[in-house]
2 protein chains.
Amino acid sequence: MSKTRKSQENTILDIAAALKLSPATISRALNNNPNVRPATRKKVADMAGQLGYRRNNMALGLRNNKTHTIGLIVPRISMFFHAEAITTMQNELYERGYNLIISQSNDSPEMERRLVDTMYSSRVDALIVSCTLNTEDFSHFEVFTKNGIPLIFYDRVPPAFDGALIIRGDDFQGGNLAGAHLAETGCRRIAYISGPLSTNLYRDRSQGFFKALEVAGIPVIENMVFYQALTYDNTREAMKKMFAQDVKPDGVFTANDTAAIAVHEFARENGIAVPQQLKIVGYSNDPRCAIIRPSITSVEQFPGKMGSRVISELMHILGDSTGTALKNPITIPVQLIRRMST
Amino acid sequence: MSKTRKSQENTILDIAAALKLSPATISRALNNNPNVRPATRKKVADMAGQLGYRRNNMALGLRNNKTHTIGLIVPRISMFFHAEAITTMQNELYERGYNLIISQSNDSPEMERRLVDTMYSSRVDALIVSCTLNTEDFSHFEVFTKNGIPLIFYDRVPPAFDGALIIRGDDFQGGNLAGAHLAETGCRRIAYISGPLSTNLYRDRSQGFFKALEVAGIPVIENMVFYQALTYDNTREAMKKMFAQDVKPDGVFTANDTAAIAVHEFARENGIAVPQQLKIVGYSNDPRCAIIRPSITSVEQFPGKMGSRVISELMHILGDSTGTALKNPITIPVQLIRRMST
DNA sequence: GTCAATTATGAAAACGTTTTCATAAATTGG
DNA sequence: CCAATTTATGAAAACGTTTTCATAATTGAC
């Protein structure tokens, strides 16, 4: 009982002691260094197995100044888009021998700031970020660029960031497709329910959307445009307001799918026929869009493709240390998925 | 340009040098050790800010043999249940000053094994796991118990594991509620589409379900029971088989919600009225159940509550090192959410 | 069998912290 | 103002690796 706390001896020094070799040799043997005799290599491997040796990554990281760990910060892990993107990134990183530390900011800039600090303290080899909806000051990310650690933004990105790579969906195009599609299917009074313009996402979708209306010669109706947090309740509220007016919309574009579903349910509950009286287009192609009846037209963002691109660019950066990218920002195309709601 | 690679000097030694103090004092000052003069404390804090100092967690972990990091392994991050549980766990851990490393096994036992090793190499302070569907050999988790590092299984758990804490939903009760509910609403030929019995989840749900039938005096119909991977396609296949027979089911219990949705869509496409001709009960209360029409009755597992419990138990274990728990396994109650499908 | 060349091993330092023990500085009591 | 006490600081070791440089062991050529 008076034995020291340590439950089991399993370091390189223990192997060394057991084999009467130096730690240096053990290290070399375990790392398949060519100039260690096959005989010793085998002895070491055996003893390592016997003692249940596992490399201590902290010691390794400290010594080598490299952790083989990538940090990731997203607003919410549960959003379909991110869940999908994360899965791809993690798998591709794992294949390449990297680990991924995932954190969520819960859309709080304060939390995001703390997480960035923590990530730096853990000395991740790179940081991947999709920002908070409300992040307007991006200075907390500078620790990374200042210290020469790769920083990649994706999806929700700053307008510009010196030394960082930016990868984003083609939101202008997405908004444009949505607007054009609604116009094409005959809508003339198109409502637009958007998120706050503080984020690049919604700014770009809006611009694309309005451009489409302009091209189609459809006027923007002042009180049919909303910029607000895209929650279910907010959207219901907006719908209520619009349908209390004399002139009612015959089409709605919502800048995410939760809002589209809110519109959908509002319509059903109020006996508004979709798509006959009201057409709906959402954004993100959440699986719920395909399940609800009538199913909802939405803009697919290819989260897996984006995640994959993030990793391939990152690997490129980590390989060549030849500074920043070839092309920046990078834009991933989107696609309109037509369904029964239009 | 011939300057050494290191982009910026920012260790405790640099602060020490700048202030002509010893690293020991700097360390104390930064950690609010009571016996360092307020004046020096302030000088140190200022200089730390000026140099952009950030603590190196690897050095810290190596020295203190404590990483303040908890490992988590789940089959898939994108499953609603896990996304929800993870979010709760991460938030509660973060409040308590811990970080969370999340990894997904993609339901591959091989991958799971590798992840466990990696987690150990990173010397996490504890490991939380929801196993693969196919994990039958649990020996790879023994590194943790053998080395006295807390190990907690939740949701998909081994039948028993010496030295680990097990927290699970009340799957027997869930299956039982589902069966009883279908019986109560008048079903007499109840089909059961389950996952493979290799997992505790499905074993327990099955037992609860069959018990309910037995109590209600409803016979189990041989060819209306399926044990298979609970995918959309498999379920459609099963439905097709059953409805090709003379005697057709008037109720279905599926052991997850994806399967319930498959049943639902099969019914719609084949003109089977839900709930009049066929009643459906799913499992997990995925948000899709509430959105689809008619909405689907399902068993709520309270993922947030389970995540929360995992963390509170973990904190207890990390606090007192008084070995394993008071009560083990721990069971979290479930609840049947009635909707239009029954 | 000797010398040179090669190959295998070891000693020691370094990575950035914290902490124990010792000691220097400041404070207090008389 | 001196001794005794308290408080603030410093020196050095330790955590577990890897790597450089040196040296010991082996091999090969003649």
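FYI, side chains are in, hydrogens and waters are out, and symmetry mates aren't considered; it's all heavy atoms of this structure. Order of the sequence lines fixes the chain letters, A, B, ..., with proteins taken first and strands second; residue numbering starts at 1 for each chain.
Between B:Tyr98 and B:Met89, every side-chain heavy-atom pair lies at or beyond the 4.5 Å cut-off. In this structure the side chain of B:Thr25 never reaches within 4.5 angstrom of the side chain of B:Leu19, judged on heavy atoms.
Taking only side-chain atoms of A:Ala24, from C-beta outward, the nucleotide of C:dA11, D:dT17, C:dT20 with the closest atom is C:dA11. Set against C:dG10, D:dT9, D:dT17, the side chain of A:Thr25 has C:dG10 as its closest nucleotide. Side-chain proximity of A:Arg28 to C:dT19, D:dG10, C:dT9: nearest is C:dT9. Comparing C:dG16, D:dA11, D:dT17 against the side chain of B:Thr11 picks out C:dG16 as the nearest. With distances taken from any side-chain atom of B:Asn35 to the nucleotides D:dA8, C:dA11, C:dT17, the minimum falls on D:dA8. Residue B:Ser22 places its side chain closer to D:dG10 than to any other of C:dG16, D:dT19, D:dG10. Closest contact between the side chain of A:Leu21 and the listed nucleotides C:dA26, C:dG10, D:dT17 involves C:dG10. Closest contact between the side chain of A:Leu62 and the listed nucleotides D:dT17, C:dG16, D:dT9 involves C:dG16.
B:Asn200 places no side-chain N or O within donor-acceptor distance of the main-chain N or O of B:Pro159, the cut-off being under 3.5 Å. At distances below 3.5 Å, not a single donor-acceptor pair connects side-chain atoms of B:Asp117 with backbone N or O atoms of B:Arg114.
Considering only side-chain N and O atoms, B:Thr40 lies under 4.0 angstrom from the phosphate OP1 or OP2 of D:dT9. At D:dT17, none of the side-chain N or O atoms of A:Arg55 fall inside 4.0 Å of OP1 or OP2 (strictly under the cut-off).
Distance CG (A:Asn31) to P (D:dT20): 13 Å, rounded to an integer number of Å. A straight line from NZ of B:Lys43 to C1' of D:dA8 spans 12 Å, rounded to a whole angstrom. The NZ atom of B:Lys20 sits 13 Å away from the P atom of D:dA11 (whole-angstrom rounding). Protein atom CG of B:Leu13 is 10 Å distant from nucleotide atom C1' of C:dC15, rounded to whole Å. A straight line from CG of A:Asn64 to P of D:dG16 spans 16 Å, rounded to a whole angstrom. As a whole-Å value, the separation of A:Asn65 CG from C:dC15 P is 10 Å. Here the C1' atom of nucleotide D:dA8 and the CZ atom of B:Arg41 are 11 Å apart, to the nearest Å. Taking atom CD1 of residue A:Ile26 and atom P of nucleotide C:dT9, one finds them 10 Å apart after rounding to whole Å.
Counting non-hydrogen atoms of neighbouring residues, nucleotides and ligands closer than 6.0 angstrom, the NZ atom of B:Lys66 exceeds 12 such neighbours.
Within 4.0 Å of A:Arg54, counting heavy atoms only, lie sugar-phosphate atoms of the nucleic acid but no base atom.
If you find the closest nucleotide of DNA chain D to A:Arg37 and to A:Pro23, the one lying nearer the 5' end belongs to A:Pro23.
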